[in-house]
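For reference, the structure is listed below as structure tokens.
Note that the numbering runs from 1 along the sequence shown for the chain. Any value given below was found using the heavy atoms of this structure, including those in side chains, with hydrogens, waters and symmetry copies removed.
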Amino acid sequence: MAPITRSRARKSLTQASLLVQKPNNKENHNKIITGKRAVGVGVPHVENNRRIIRKSSSLIPSYGGNVGDDVLAHIFTYLPTRILVQLSVMSKRFKNTWRYCRNLLFGNEFYRKLHNRTEFIDVVTRIMDNHIGENIDTLQILMDPTDKEHRLTHWIKIALNKGVKVLDLDCDLSLNIFKFHHSLLDSETLRVLKLKYCKFSLPSRLRLRSAAGLGFITTLVLRKVVFCEFTVYRIMKHCVNLESLDMTDCSGPSVIRIMTHDDNFKFKSLKVGNSMDMFYIDVNCPNLESLHYSGSVLQGIRILMNNDPPTSKLKDVMLNFSTPRTGITPYYYGACAKMRNGSFGSLDFCLWHLKELQVFMDYTTFCNAVDIADFVGKCPSLQKLFLDVNNFNLIPDLYYELHQKPFIESFSTIFENLKVMKLKGFKFLNQEIDLVRMFLKRSPEMEEMILVYPKNKDHMNMYIDPGNEVIFNRLFQDWKCSPKIQIIAQENAKDKTISPTHVRKWY
């Protein structure tokens with residue numbers, strides 16, 4: 001086979017340019033001929049041909065060498081469907097490469113290039129039926145399956161028969177929820193399953209083949225999925241290699257119980273978001289490393305450790321409670337310092353291994369600067385502290401002046417490991433200044449104190465006097481106890497400083 005030289009690659013691009021620019025063959029412009037069938041692929045129109053040629057030129061090697069067409073064709077099969085289809089139009093040498101595509105991505109980017117659902121179904125059907133490769137790694141589908149459920153099931157079965165590893169099914173465009181049958185999980189190659197706007201259930205007695213298929217899944221992502229109360233229990237029972245479970249906007253279960261006493265069980269990550277029926281999470285998993293929850297207030301979250309010695313691998317916890325105006329965040333508020341039995345004090349607890357803490361305060365929050373300081377004081381390993389008060393004003397009241405300000409002034413805890421503190425929504429209010437002063441005076445290893453002004457420009461004009469920056473900058477320099485600290489104050493729009501590991505919502 002002749003080597004691929006620069007001149008040959010340039011000649012191929014020239015031929016591709018002539019092919020795209022043919023004005024007298026509009027019928028075949030968006031089609032590839034394979035045998036006797038024409039497959040519509042949604043290739044962009046003639047006016048975009050220069051952009052297509054520039055993109056496609058990066059797909060065809062422009063260097064000399066002995067790389068054969070068969071090797072290149074194999075490499076190209078790992079590209080997404082749409083790029084392979086464009087390549088088949090640009091180069092005659094690879095006109096059939098799309099039929100071996102391993103990553104069949106019929107998602108949003110593919111869907112919006114077509115005119116309607118009928119055209120989408122027709123194109124996907126022809127691509128799936130003409131696929132002659134031995135393997136499919138990824139199948140991603142975004143569509144409305146109403147009255148076309150058999151087509152969607154047929155595509156999934158083709159992918160399963162060819163050893164698909166990632167199945168991503170999004171039926172959010174449909175008015176009627178799609179019923180995903182558990183028999184579609186009869187695959188020993190499937191590792192990642194993503195479902196959106198589907199009904200998913202597992203019977204109490206699964207067929208042996210279905211149960212075996214579930215045993216190979218490592219990641220399960222459910223969005224707007226409806227299932228019964230015992231489905232989560234059955235998932236954990238049969239998915240013995242499951243490492244991550246992500247449930248968002250799901251309905252059905254009110255309690256999540258994950259009981260895995262075996263140290264060999266690989267389950268590491270649980271994420272639950274906006275599940276309105278949920279009121280309790282009970283986890284007994286020795287290898288759990290990450291727990292994320294976002295939604296309404298729960299009656300309880302319990303994490304047990306039965307390993308000996310009782311050490312936890314839990315490294316990452318995010319709790320984002322959306323409470324009504326009259327509510328409070330139970331865990332945070334319950335742990336705060338307040339009047340108990342006639343005396344002012346806080347609960348006796350300690351988060352020994354917590355290294356990063358992010359606190360959002362909004363109009364539903366009843367906590368203040370002292371509560372923050374007291375909570376951080378129970379985290380001796382804390383290195384990064386992020387406070388967001390954009391939607392909250394730390395305005396002193398009589399209770400703060402009488403009981404809490406003396407507490408913060410006499411606060412004796414030293415934050416030995418705290419290196420970064422970032423306060424978003426800083427308005428130079430008295431409580432904010434008390435908080436900043438305390439952390440500056442009691443953080444000998446602090447490297448950065450970042451004060452970001454509020455997003456709301458009305459708050460900027462209402463609270464922030466231009467002269468404050470000069471005055472308090474001198475005070476901040478006097479208060480600091482760390483010789484290497486850098487104090488940064490800037491507007492929100494210009495903020496490019498360090499950000500927390502997690503955003504408030506991951507979905």
If you count heavy atoms of other groups shown closer than 6.0 angstrom to NZ of Lys157, is the number above 12? no

Lys422 atom NZ, neighbour heavy-atom count above 12 within 6.0 Å: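 Counting other residues, nucleotides and ligands, NZ of Lys422 exceeds 12 neighbours.
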
On a heavy-atom basis, which atom in [X] and which in [Y] lie closest, and how many Å separate them?
X	Y	result
His115	Glu119	ND1-OE1, 2.8 Å
Leu202	His182	CD2-CB, 3.7 Å
Thr146	Leu175	OG1-N, 4.3 Å
Leu382	Leu385	CD2-CB, 4.3 Å
Leu190	Ser187	N-OG, 3.5 Å
Thr231	Ser201	OG1-CA, 4.3 Å

Judged by atom type as modelled, is there a donor-acceptor pair below 3.5 Å linking the side chain of [X] to the main-chain atoms of [Y]?
X	Y	answer
Glu149	Asp147	yes
Asn241	Ile217	no
Lys224	Leu195	no
Thr189	Lys165	no
Asn417	Pro380	yes
Asn130	Arg126	yes
Asp388	Asn390	yes

Taking Asp282 first and then Arg257, would you say they form a salt bridge - that is, a charged N and a carboxylate O separated by under 4.0 Å? yes

Give the C-alpha distance, both sets of side-chain angles, the deciding distance and a yes or no for side-chain contact (heavy atoms from CB on, under 4.5 Å) between Glu289 and Ser269. CA-CA 6 Å; Glu289 297 179 359; Ser269 175; over 6 Å; no

Residues in ring-ring contact (aromatic ring centres under 6.0 Å, His included) contact with [X], at least two apart in sequence or another chain:
X	result
Phe227	none
Phe106	Phe110
His292	His502, Trp506
Tyr111	Phe120

I'd like to check the side chain to side chain donor-acceptor pair (under 3.5 Å) partners of Ser244; sequence neighbours left out, ordered by chain and number.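 Ser244 satisfies side chain to side chain donor-acceptor pair (under 3.5 Å) with no other residue.
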
By salt bridge (Lys or Arg N to Asp or Glu O under 4.0 Å), which residues pair with [X], not counting sequence neighbours?
X	answer
Asp316	none
Glu109	Arg82
Lys271	none

When Leu167, Val166, Leu220 are each screened for side-chain contact (heavy atoms from CB on, under 4.5 Å) with Val192, the one that passes is Val166

Quick one: side chain to side chain contact (heavy atoms under 4.5 Å, CB included) partners of [X], sequence neighbours excluded?
X	result
Ile498	Lys384, Phe386, Val420, Glu448, Ile450
Ser251	Val226, Asp277
Tyr507	Arg223, Thr248, Asn274, Ser294, Lys505
Val272	Ile256, Leu270, Ser275, Met278, Ile281, Tyr293

Checking side-chain polar atoms at under 3.5 Å, does [X] have a donor or acceptor matched by the opposite partner on [Y]?
X	Y	answer
Asp495	Gln490	yes
Glu356	Thr501	yes
Asn176	Ser174	no

When you measure from the centre of the six-membered ring of Phe216, is the NZ or CZ of Arg191 under 6.0 Å away and within 45° of the axis?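 Checked: cation-pi criterion not met.
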
Taking the six-membered ring for Trp, are Phe180 and Phe178 parallel (under 30°), tilted (30 to 60°) or perpendicular (over 60°)?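 Aromatic pair Phe180/Phe178 classed perpendicular.
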
